[in-house]
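See below for the structure under consideration.
Since we're looking at a predicted model, the values are computed, not measured.
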Amino acid sequence: MPEPTGTTLPGRRAAPSAEPGAEELATRLTAVVGRLLRRLRSTSSGGLLTPTQRSVLSRLDREGPATTAALARAEYVRPQSMRLTLGALESQGLVERAPDPADGRKAVMSLTAAGTASLAEVRAAKHDWLAEAIAAGLDADERRTVAEAAELIDRLTAGK
C-alpha cells in the first residue's frame with residue numbers, strides 16, 4: 001500500500017500526483033488565468049469606466065497619442081464605436097483631442113492628467129487586491145511556488 005503524500009488543507013487542492021502533459025497544463029492554465037483576469041477586472045470596476053475605456057486609456061498611456069482610426073484598429077472595433085468610447089472619455093475629462101501635427105485635418109487623442117490618475121487608480125486597485133489575496137491565502141512555501149510559476153510564465157510569454 002502506498003504511503004500517503006500528506007493532507008490537503010480545506011479550500012486547497014492536492015498537488016498533482018502525475019506529471020501533467022502539455023495539453024492538460026495549457027487547458028488548466030488558460031482557465032486559471034481567465035479567472036484571474038476576470039477577478040482583476042471586477043476589482044477595478046469601482047469607477048465608471050467600461051473595460052473598453054480602461055483598455056483605451058491604457059493604450060494611450062503605453063503608446064502615446066493616437067488617432068481614432070489607429071485606436072479602433074488596435075482595439076479591433078469599428079471607428080464609429082471608438083468615436084463613442086473616446087467621446088465618453090473626453091466628456092469625463094480623461095482624454096483630450098488636438099490637431100494631428102502630420103495632418104491638420106485629423107485629430108489625435110491623448111491622456112489628460114485626470115486620465116493618468118484614473119488609470120493609476122485602476123492599476124492600484126488590481127495590485128492591492130492581488131497582494132492582499134496572496135498575503136491572506138498563501139503560506140510562505142506557496143508564495144515561493146507562485147513566484148517560480150510567475151518566472152516560468154514570464155519566460156513563456158517573452159517570445160523567442
Neighbour count above 12 (heavy atom, 6.0 Å) for Gln80 CD = yes
So do the side chains of [X] and [Y] get within less than 4.5 Å of each other, counting heavy atoms only?
X      : Y      : value
Val33  : Leu37  : yes
Arg123 : Asp61  : yes
Leu57  : Val122 : no
Glu24  : Thr27  : no
Thr157 : Asp154 : yes
Leu60  : Leu71  : yes
Ile153 : Leu29  : yes
Arg155 : Leu152 : yes

Between [X] and [Y], is there shared hydrophobic-cluster membership here, with clusters defined by ILVMFWY side-chain heavy atoms closer than 4.5 Å?
X      : Y      : value
Leu84  : Leu89  : no
Leu36  : Val146 : yes
Trp129 : Ile134 : yes

At their closest point, which heavy atom of [X] faces which heavy atom of [Y], and how far apart are they?
X      : Y      : answer
Val108 : Pro99  : CG2-O, 4.1 Å
Leu111 : Glu96  : O-OE2, 4.4 Å
Arg97  : Glu90  : NH2-OE1, 2.8 Å
Gly93  : Ala114 : O-CB, 3.6 Å
Thr85  : Gln53  : CG2-CG, 3.8 Å
Thr68  : Pro79  : CG2-O, 3.9 Å

When rounded to the nearest 0.5 angstrom, what distance separates [atom1] in [X] from [atom2] in [Y]?
X      : Y      : atom1 : atom2 : answer
Ser81  : Glu75  : OG    : CD    : 11.5 Å
Thr112 : Gln92  : OG1   : CD    : 10.0 Å
Glu142 : Asp139 : CD    : CG    : 4.0 Å
Leu25  : Glu19  : CG    : CD    : 9.5 Å
Arg83  : Arg78  : CZ    : CZ    : 9.5 Å
Lys126 : Arg54  : NZ    : CZ    : 6.0 Å

Can a donor-acceptor pair be found between the side chains of Arg62 and Ser58 at a distance below 3.5 Å?
-> yes
Glu151 side chain to Glu148 main-chain N or O, any donor-acceptor pair under 3.5 Å?
-> no
Backbone of Ala26 reached by a side-chain donor or acceptor of Thr30 within 3.5 Å | yes
